[in-house]
Colleague: 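Have a look at this one before I ask anything.
We count ligands from 1, going down the list as the structure has it; atoms in each ligand are counted the same way. If you read the sequence from its start, that first residue is 1, and numbering goes on from there.
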Amino acid sequence: MKITDAKVIVCSPGRNFVTLKIYTDQGIYGLGDATLNGRELAVAKYLEEYCIPALKGRNPLNIEDIWHYFYRGVYWKRGAVTMTALSAIDMALWDIKGKMLNTPLYNLLGGKSRNKVLVYAHSNGIDLDHALESVAQELDKGFKAIRVQSGIPGLDHTYGVAQKGEKYEPATKGLPREDFWDTHKYLNWAPKLFSKVREHFGEDLLLLHDVHHRLTPIEAARLGKELEPFHLFWMEDAVTGELQEGFRVVRQHTTTPLAIGEVFNSVYDYTTLISEQLIDFVRMPIVHGGGITHLQKVAAFASIYHVQTGFHGATDLSPINMAAALHFDFAINNFGIQEYMPHEEIVNEVFKINYRFEEGYMYIDDTPGIGVDLDEKAAQKFPYIPASLPVNRKTDGTLFYW
Ligand SMILES: [Mg+2]
């Protein structure tokens with residue numbers, strides 16, 4: 001079997017997606033997600049200029065060798081753009097292998113370890129009442145686990161919160177919008193929010209919260225400690241992950257479980273965090289973390305240290321990534337939870353999906369490979385629209401983490 005050609009498809013059904021399609025001499029093709037929100041064309045160009053010419057003629061079944069060709073074989077390793085491109089190649093190759101063997105991807109990863117995949121929803125509100133309303137709506141849909149974010153009294157706008165009646169969507173057309181942040185107000189507010197959520201909805205609901213990299217280690221330690229009475233499933237991205245040792249401070253002070261890594265792209269972002277048992281969940285998604293081949297190694301490494309997976313699954317990742325993640329979630333033993341934000345209906349005009357949500361869990365059908373297809377004609381109707389994630393400043397104007 002040989003790779004004959006490959007191409008990159010960029011489309012924007014409501015938001016931008018980049019897809020790699022690899023063709024073979026046996027009429028089978030594979031699809032991989034290459035979407036990097038706000039930097040889409042950098043990945044598209046990297047694939048077109050540097051990867052596709054080197055893919056032609058290779059045997060697509062030799063996934064491990066091809067993975068190392070584009071990782072070890074490249075002098076300029078790692079980084080979000082490079083690793084997203086490599087992820088797309090890897091996903092497409094696993095898709096081809098599944099189609100060639102006429103079996104769904106999870107069978108190639110060891111088969112099913114569970115009957116259904118627990119997912120968590122997003123709820124958010126501009127204030128407390130609105131946030132409680134939003135949690136009730138997600139419970140009505142059947143979710144058993146819910147991430148709760150809310151507006152912070154005294155701040156105009158904050159991460160994770162939509163205007164009333166709208167869907168939360170941080171990427172906006174053109175250059176980045178500017179948000180504002182006040183750590184003091186946030187730290188005073190977050191425990192009150194979760195106290196009210198528990199009071200209203202009881203102990204059974206699994207609760208998650210995303211700090212979005214906005215605290216120092218000692219501030220995160222305080223928040224984790226103050227959230228302990230509300231038994232969170234996890235506190236996410238409490239501190240930016242560049243300084244892995246920073247999590248030692250957080251860990252010393254709180255038993256609130258910690259998740260991190262949606263912006264990571266290599267196992268080397270995790271070595272201290274996992275081996276010192278400083279975290280509980282890895283979030284690096286298949287689309288940015290070197291694909292299935294690399295995530296298998298990360299998940300195996302994590303499993304030794306009782307660390308589980310909880311992959312990023314926001315709507316800025318395409319349905320191809322979602323399906324690949326679900327196969328992976330079904331297959332591994334140390335699966336924890338999967339983030340699930342349903343795509344807008346318009347996305348289904350381009351992508352034909354093979355998964356469904358029911359009563360808090362996801363299910364996937366037995367379509368061979370990853371199982372998601374892309375309608376190229378439909379994709380052409382939605383040309384690329386430049387969009388950016390916001391930047392964030394403290395209220396005095398200091399540039400801060402978004
Ligand atoms: Mg997050």
Colleague: May I ask you to establish whether K99 and Y29 are in a cation-pi arrangement, using a distance under 6.0 Å from NZ or CZ to the six-membered ring centre and at most 45° from the ring axis?
Modeller: yes

Colleague: With 2.8 Å as the threshold, which protein atoms of type N, O or S lie near the Mg ion (ligand 1)? Leave waters out.
Modeller: D210 OD2, E236 OE2, E262 OE1

Colleague: Measure the acute angle between the ring planes of W234 and Y120, then classify it against the limits of 30° and 60° as parallel, tilted or perpendicular.
Modeller: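 W234 vs Y120 ring planes: perpendicular.
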
Colleague: Can you name the ring pair (Phe, Tyr, Trp, His ring centres under 6.0 Å) partners of F143, sequence neighbours left out?
Modeller: F357

Colleague: Are F233 and F281 close enough that some pair of their side-chain heavy atoms sits under 4.5 Å apart?
Modeller: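 Heavy-atom side-chain distance check passes, below 4.5 Å.
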
Colleague: For the side chain to side chain contact (heavy atoms under 4.5 Å, CB included) test, which of L105, L109, V117 pairs with F328?
Modeller: L109

Colleague: Report yes if some heavy atom in the side chain of V372 is under 4.5 Å from a heavy atom in the side chain of L31; otherwise report no.
Modeller: no

